[in-house]
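Let me begin by presenting the structure, written as structure tokens, before commenting on it.
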Amino acid sequence: MQDRTYTADAEPGDAVTVAGWAHEIRDLGGIAFLIVRDQSGKIQVKFEKDEMDDELVETGLDISRESVVKVTGDVEEEPRAPTDVEIVPEDVEVIAPADPELPLDPSGKVDAELPTRLDNRTLDVRKPEIQAIFEIRAEILRAVRDYFRSIGSTEINTPKIVATGTEGGTELFPVTYFGQEAFMNQSPQLFKQLMVGSGLERVFEVGPIFRAEEHNTPRHLNEATMIDFESAFIDHEEAMDVCEGTLHAAYQAVEENCQEELELLGYDDFAAPEEDFPRLTYEEALERINATGELDEQLVWGDDLSTEAEKALGDEIGGHYFITDWPSEIKPFYIQDYDDDEELSKGFDLMHPRMELVSGGQREHRYENLVEGFEQQGLDPSQFEYYTKMFKYGMPPHAGWAYGVERVVMTMLDLDNIREAVLFPRDRQRLSP
Ligand code: ATP
Ligand code: AMO
């Protein structure tokens with residue numbers, strides 16, 4: 001539509017052709033108003049019944065809400081109009097009429113439950129505050145990609161149909177692959193590690209991961225978007241620096257470039273965290289959690305942190321923080337242990353007060369130790385030969401991590417449910433749309 005102009009650009013004296021959705025129609029008797037909404041904003045169109053062509057007025061009054069319309073006319077100053085200007089129409093065309101029975105009210109006057117919103121995402125994302133979530137999500141991804149590029153990291157894409165899992169055997173979705181057993185990938189873990197041993201050295205991926213999580217919680221998805229990072233010749237401390245760097249970059253970009261979106265979401269005091277995130281060892285974390293007295297039972301060395309434990313510590317710290325030096329037994333086979341204490345691993349998590357955001361660590365790059373780790377975890381190393389064998393041909397020390405984009409969006413914007421941060425979430429009950 002070459003002659004299309006945007007509502008936000010309309011200035012008094014302009015001849016415009018706006019195209020968008022009929023947001024609202026108000027018939028006051030002698031005069032009626034149509035509010036047209038497009039991506040840039042809204043504009044009022046005025047219909048004066050006695051002064052305008054009858055057919056034009058009739059077309060205007062017949063428009064059902066959310067129909068797609070095209071309005072051509074002159075822009076005039078009008079202090080009583082919501083944006084101080086209005087269009088006096090010469091031509092109104094209904095391009096795609098909307099059924100007057102809408103399953104969801106995009107003007108937001110009538111609240112809808114999340115399932116109804118997700119069933120009708122097209123209508124839901126017509127609401128500016130919902131659009132704002134996805135604009136911010138896009139800005140986070142842009143900022144993170146820029147950050148990775150600035151530190152010499154190459155974006156890669158790894159297979160999503162794979163022969164083996166990596167993050168524990170129970171959470172895989174099986175698929176049939178020409179008669180062979182295969183799975184949807186839970187994590188790019190093994191592939192990104194294989195690439196740090198290649199000439200690329202430092203890589204990142206933004207892509208989907210699939211986990212057959214049985215539980216239904218406000219922070220788990222069955223298909224999520226993971227940002228993975230992996231680099232040769234760095235240790236877990238340096239990996240945490242990069243992790244912190246990407247998150248700071250994401251928050252700063254949103255603060256700088258998304259003020260309008262933040263306002264729509266009700267933020268007037270959004271502030272990117274400026275300080276470094278504290279780094280606690282697992283042992284310190286246990287002590288501090290136990291000292292809060294919030295748990296029924298004291299945690300002991302080797303326990304994973306329950307949601308209640310994470311909450312108790314998160315409430316106390318009040319911002320992002322790392323937990324380092326986890327017990328080896330609760331971290332995966334690819335995480336390296338300390339040489340002087342094989343019960344202690346170089347794995348870390350980045351926590352937000354509400355939940356875990358990131359897992360990562362220094363990786364085991366020594367072939368013999370890696371194969372031993374598989375056996376200790378009850379995995380058959382021969383199934384992973386495509387991966388382990390590359391560790392025989394010069395695998396540098398390396399470290400990395402991953403976070404779920406939806407958890408970052410959810411915690412940044414204080415959304416109640418992770419599903420609000422995905423256009424078309426996959427959960428136990430939801431396979432379409
Ligand atoms: P990850 O991304 O590594 O899975 P996570 O925070 O999701 O990290 P998990 O190890 O998947 O952690 O799950 C542990 C947490 O998930 C527990 O602390 C628990 O609160 C929650 N969880 C697990 N199963 C259920 C369930 N059936 N119902 C409610 N919450 C659960
Ligand atoms: P992990 O399994 O902890 O680590 O996943 C990393 C991060 O991904 C997010 N995430 C999820 N988000 C929503 N729904 C899910 N079901 C879900 N599962 C995970 C979380 C989590 O912290 N290979 C390692 C990473 C590494 O060591 O590099 C891994 O997958 O934010």
Side-chain angles (χ1 to χ4, degrees), residues 1-8 10 16-49 52-73 81-83 86-135 137-138 261 264-265 415-417 419-427 429-433:
M1 208 178 275
Q2 279 178 350
D3 56 351
R4 183 185 179 197
T5 53
Y6 285 97
T7 60
V16 295
T17 296
V18 297
W21 288 264
H23 184 70
E24 196 184 317
I25 295 106
R26 272 188 304 142
D27 188 351
L28 306 179
I31 194 164
F33 300 106
L34 161 70
I35 307 288
V36 177
R37 185 188 71 239
D38 64 13
Q39 208 205 15
S40 72
K42 296 190 205 101
I43 196 160
Q44 174 167 295
V45 182
K46 176 174 71 175
F47 294 93
E48 281 179 303
K49 294 184 190 168
M52 286 182 187
D53 177 66
D54 286 348
E55 212 178 308
L56 183 72
V57 173
E58 208 171 302
T59 308
L61 292 179
D62 271 355
I63 295 171
S64 53
R65 282 174 50 222
E66 296 306 315
S67 296
V68 176
V69 296
K70 179 174 154 187
V71 178
T72 302
T83 59
E86 65 185 8
I87 300 175
V88 180
E90 274 155 27
D91 187 47
V92 174
E93 188 188 335
V94 177
I95 298 175
D99 190 324
E101 294 291 319
L102 295 170
L104 183 142
D105 174 19
S107 79
K109 285 186 187 138
V110 185
D111 274 345
E113 297 292 332
L114 188 57
T116 308
R117 292 178 41 205
L118 297 177
D119 285 342
N120 299 281
R121 248 328 195 186
T122 307
L123 294 181
D124 186 46
V125 183
R126 287 184 193 169
K127 290 183 240 164
E129 70 275 19
I130 307 299
Q131 262 175 63
I133 296 173
F134 293 97
E135 290 293 345
R137 182 183 156 123
E261 287 80 7
L264 282 165
L265 290 165
L415 306 176
D416 290 334
N417 194 312
R419 291 161 183 78
E420 294 177 68
V422 202
L423 286 172
F424 299 104
R426 290 288 169 264
D427 64 30
Q429 277 81 39
R430 189 168 286 278
L431 189 54
S432 59

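Keep in mind it's a predicted model, so treat the numbers as computed, not measured.
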Donor-acceptor contact present, side-chain [X] to main-chain [Y], <3.5 Å:
{"X": "N417", "Y": "E420", "result": "no"}
{"X": "N120", "Y": "L123", "result": "no"}
{"X": "D54", "Y": "V57", "result": "no"}
{"X": "S67", "Y": "P97", "result": "no"}

Between [X] and [Y], what is the shortest heavy-atom contact and its length?
{"X": "A112", "Y": "L104", "result": "CB-CD1, 4.1 Å"}
{"X": "T59", "Y": "V92", "result": "CG2-O, 3.8 Å"}
{"X": "I63", "Y": "A22", "result": "CG2-CB, 3.5 Å"}
{"X": "D99", "Y": "L102", "result": "O-CD2, 3.6 Å"}
{"X": "P425", "Y": "L118", "result": "CG-CD1, 3.7 Å"}
{"X": "P89", "Y": "V71", "result": "CB-CG1, 4.0 Å"}

Side chains of [X] and [Y]: closer than 4.5 Å at any heavy-atom pair?
{"X": "R419", "Y": "L114", "answer": "yes"}
{"X": "K49", "Y": "D27", "answer": "yes"}
{"X": "L265", "Y": "I133", "answer": "yes"}
{"X": "Q44", "Y": "L34", "answer": "no"}
{"X": "I43", "Y": "I35", "answer": "no"}
{"X": "F134", "Y": "L423", "answer": "yes"}

Rounded to the nearest 0.5 Å, what separation is found between the [atom1] atom of [X] and the [atom2] atom of [Y]?
{"X": "E90", "Y": "M52", "atom1": "CD", "atom2": "CE", "result": "9.5 Å"}
{"X": "K42", "Y": "R37", "atom1": "NZ", "atom2": "CZ", "result": "7.5 Å"}
{"X": "F33", "Y": "I25", "atom1": "CZ", "atom2": "CD1", "result": "13.0 Å"}
{"X": "R4", "Y": "K70", "atom1": "CZ", "atom2": "NZ", "result": "10.5 Å"}
{"X": "E261", "Y": "E135", "atom1": "CD", "atom2": "CD", "result": "5.5 Å"}
{"X": "F47", "Y": "L28", "atom1": "CZ", "atom2": "CG", "result": "12.5 Å"}

**Request:** Would you please test V36 and V45 for side chain to side chain contact (heavy atoms under 4.5 Å, CB included) and show each step?
**Result:** CA-CA 7 Å; V36 177; V45 182; 3.9 Å; yes
**Fill in**
side-chain hydrogen bond (donor to acceptor under 3.5 Å, both in side chains) pairs touching residues 102-115, sequence neighbours excluded, are R65-D105, D105-S107
**Message:** I need the full list of side-chain hydrogen bond (donor to acceptor under 3.5 Å, both in side chains) pairs touching residues 123-132, with sequence neighbours left out, sorted by first then second residue.
**Reply:** E66-R126, R117-D124, R121-D124, D124-K127
**Message:** Is a donor from one side chain sitting under 3.5 angstrom from an acceptor on the other, for T7 and S40?
**Reply:** yes
**Request:** Please test R426 against L431 for side chain to side chain contact (heavy atoms under 4.5 Å, CB included), starting from the C-alpha separation and ending with a verdict.
**Result:** CA-CA 6 Å; R426 290 288 169 264; L431 189 54; 4.2 Å; yes
**Presence of salt bridge, E24 and R26, under 4.0 angstrom** = yes
**Request:** Mind running side chain to side chain donor-acceptor pair (under 3.5 Å) on T5 and T17 for me, showing each step along the way?
**Result:** CA-CA 6 Å; T5 53; T17 296; 5.7 Å; no
**Prompt:** Can Y6 and D38 be said to form a side chain to side chain contact (heavy atoms under 4.5 Å, CB included), step by step?
**Reply:** CA-CA 7 Å; Y6 285 97; D38 64 13; 3.6 Å; yes
